[in-house]
Amino acid sequence: MLTTSADLRHARPALYTVYCELVRQVWNRTTLAAEDMVDALTFPDCPEHSSDALVPDRHAMAVDILSRASFNMPELSREAALRTIWRRVFLSDDWQDIHARLSANVPDRVLRAVLVSTNLYATLHSCLVARGLAHPDWFLPPVESFAASDMEYQVSTRLASRFVRPAATPSPDAHPPPSTTTAALRKDYAAEDECLRVAIEHGLGEYYDEILRI
């Protein structure tokens, strides 16, 4: 996994801590749950790796893993994981730059060339063609991929407990995760949502539809 991104470490420190914990589990040969595998495969990459062919392949692999594991997952968990995947797929491209390149009346061949070069196109192609995943079952448009829909589940149910160090002697009066931890996780997910909102403002929804037509 290539994620040692300063963007993740400094801009989303709580999620970076989650990522480090997942790496530790992998090194200790601990089998990750499907939702944890989704996180490990989709966390942001270093800028120099953001256009690497492995990025969309990892994203498509995350969708594939989720599709195979979903029968043993609660619906809330499955939907939250699917939103996480597609949100991070969308955020793996610079839609402000793409919009600037396509905002003029460019020829169709230029539009196609730019969109085909995106991580989004490569991920969709891998999911639909190489892996044969059913559309629309395992796909979400940008407007349905915000973390806000699953915020309490992701923060309070799934992740916050990982920030609590186990006591030497288990106690029924164990304290919940500190409020600073849950606040930090919410802040990191809100940052992802803000990036997605900006991408949508720069035409992501229309580009997503166009890529599906290509």
Side-chain angles (χ1 to χ4, degrees), residues 1 3 5 7-8 12 15 18-19 22 33-45 50-70 73-96 98-99 115-151 153-155 158-159 185 188-214:
M1 293 181 286
T3 302
S5 172
D7 175 68
L8 181 63
R12 300 180 185 117
L15 287 177
V18 172
Y19 171 77
L22 296 179
E35 288 176 279
D36 291 340
M37 293 180 72
V38 163
D39 268 339
L41 288 166
T42 62
F43 275 136
D45 286 275
S50 62
S51 59
D52 194 294
L54 290 176
V55 173
D57 190 57
R58 289 193 288 107
H59 289 159
M61 185 186 300
V63 182
D64 199 354
I65 289 170
L66 182 62
S67 73
R68 297 171 188 273
S70 64
M73 296 173 65
E75 183 177 359
L76 178 61
S77 301
R78 182 188 70 82
E79 292 180 352
L82 191 62
R83 271 188 277 269
T84 293
I85 295 170
W86 286 106
R87 182 172 61 257
R88 292 176 181 165
V89 170
F90 298 136
L91 298 183
S92 68
D93 289 301
D94 186 344
W95 295 104
Q96 288 179 266
I98 291 169
H99 184 67
L115 294 182
V116 165
S117 69
T118 61
N119 287 324
L120 174 56
Y121 174 87
T123 302
L124 287 168
H125 186 271
S126 180
C127 287
L128 291 166
V129 179
R131 299 177 185 273
L133 294 166
H135 184 274
D137 298 7
W138 298 107
F139 300 80
L140 288 177
V143 294
E144 294 181 20
S145 301
F146 286 98
S149 304
D150 319 295
M151 187 77 75
Y153 166 73
Q154 293 280 25
V155 171
R158 193 170 83 83
L159 295 178
L185 286 166
D188 285 2
Y189 278 114
E192 288 191 344
D193 276 1
E194 175 60 16
C195 291
L196 181 58
R197 184 191 64 77
V198 171
I200 292 172
E201 286 182 352
H202 286 83
L204 172 57
E206 292 79 7
Y207 296 137
Y208 173 79
D209 292 339
E210 183 63 31
I211 288 173
L212 285 176
R213 287 192 289 268
I214 293 177

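For the numbers below, each heavy atom of this structure counts, side chains included, while hydrogens, waters and symmetry mates do not. Residue indices begin at 1 and follow the sequence shown.
Contacts of Y208 classified as ring pair (Phe, Tyr, Trp, His ring centres under 6.0 Å), with partners at least two apart in sequence or in another chain: F90. Qualifying side chain to side chain donor-acceptor pair (under 3.5 Å) partners for S77, counting only residues two or more places apart in sequence or in other chains: Y153. Remark: R87 engages E192 in a salt bridge (charged side-chain N to carboxylate O under 4.0 Å, His left out) (not counting sequence neighbours). By the ring pair (Phe, Tyr, Trp, His ring centres under 6.0 Å) test, F139 is found to be paired with W86, H135, residues two or more places apart in sequence or in another chain being considered. Applying the side chain to side chain donor-acceptor pair (under 3.5 Å) criterion to R83, with sequence neighbours excluded, gives D150. Legend: residues meeting salt bridge (charged side-chain N to carboxylate O under 4.0 Å, His left out) with R158, ordered by chain and number and at least two apart, are E35, D36, D39. Not counting sequence neighbours, the partners of M61 by the side chain to side chain contact (heavy atoms under 4.5 Å, CB included) test are L41, D57, I65, R131. Partners of H99 according to the side chain to side chain donor-acceptor pair (under 3.5 Å) rule, which considers only residues two or more places apart in sequence or in another chain, are Y207. Residues passing the side chain to side chain donor-acceptor pair (under 3.5 Å) test with E210, sequence neighbours excluded: R213. Checked against side chain to side chain contact (heavy atoms under 4.5 Å, CB included), S67 has the following partners two or more places apart in sequence or in another chain: D64, L133, W138. For E194, the salt bridge (charged side-chain N to carboxylate O under 4.0 Å, His left out) partners at least two apart in sequence or on another chain are R197.
When all heavy atoms of A62 and V38 are compared, the pair lying nearest together is O-CG2, 4.2 Å. The nearest pair of heavy atoms linking A40 to R58 is O-NH1, 4.3 Å. The nearest pair of heavy atoms linking R78 to S70 is CD-CB, 3.5 Å. Shortest non-hydrogen contact noted between A147 and D193 is N-OD1, 2.6 Å.
Here the side chain of D93 pairs no donor or acceptor atom with the backbone of W95 at under 3.5 angstrom. Under a 3.5 Å cut-off, the side chain of D188 and the backbone N or O of L15 do form a donor-acceptor pair. Side-chain atoms of S145 come within 3.5 Å of backbone N or O of P141 as a donor-acceptor pair.
With values rounded to the nearest 0.5 angstrom, L82 atom CG is found 9.5 Å from M73 atom CE. Interatomic distance, L91 CG to L196 CG, rounded to the nearest 0.5 Å: 5.5 Å.
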Show me the donor-acceptor pairs, under 3.5 Å and distance only, between side chains in residues 120-129 and residues at least two apart or in other chains.
from: T123; atom 1: OG1; to: N119; atom 2: O; distance (Å): 2.8

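One side chain, T84 or Q154, offers a donor N or O that lies under 3.5 Å from an acceptor on the other.
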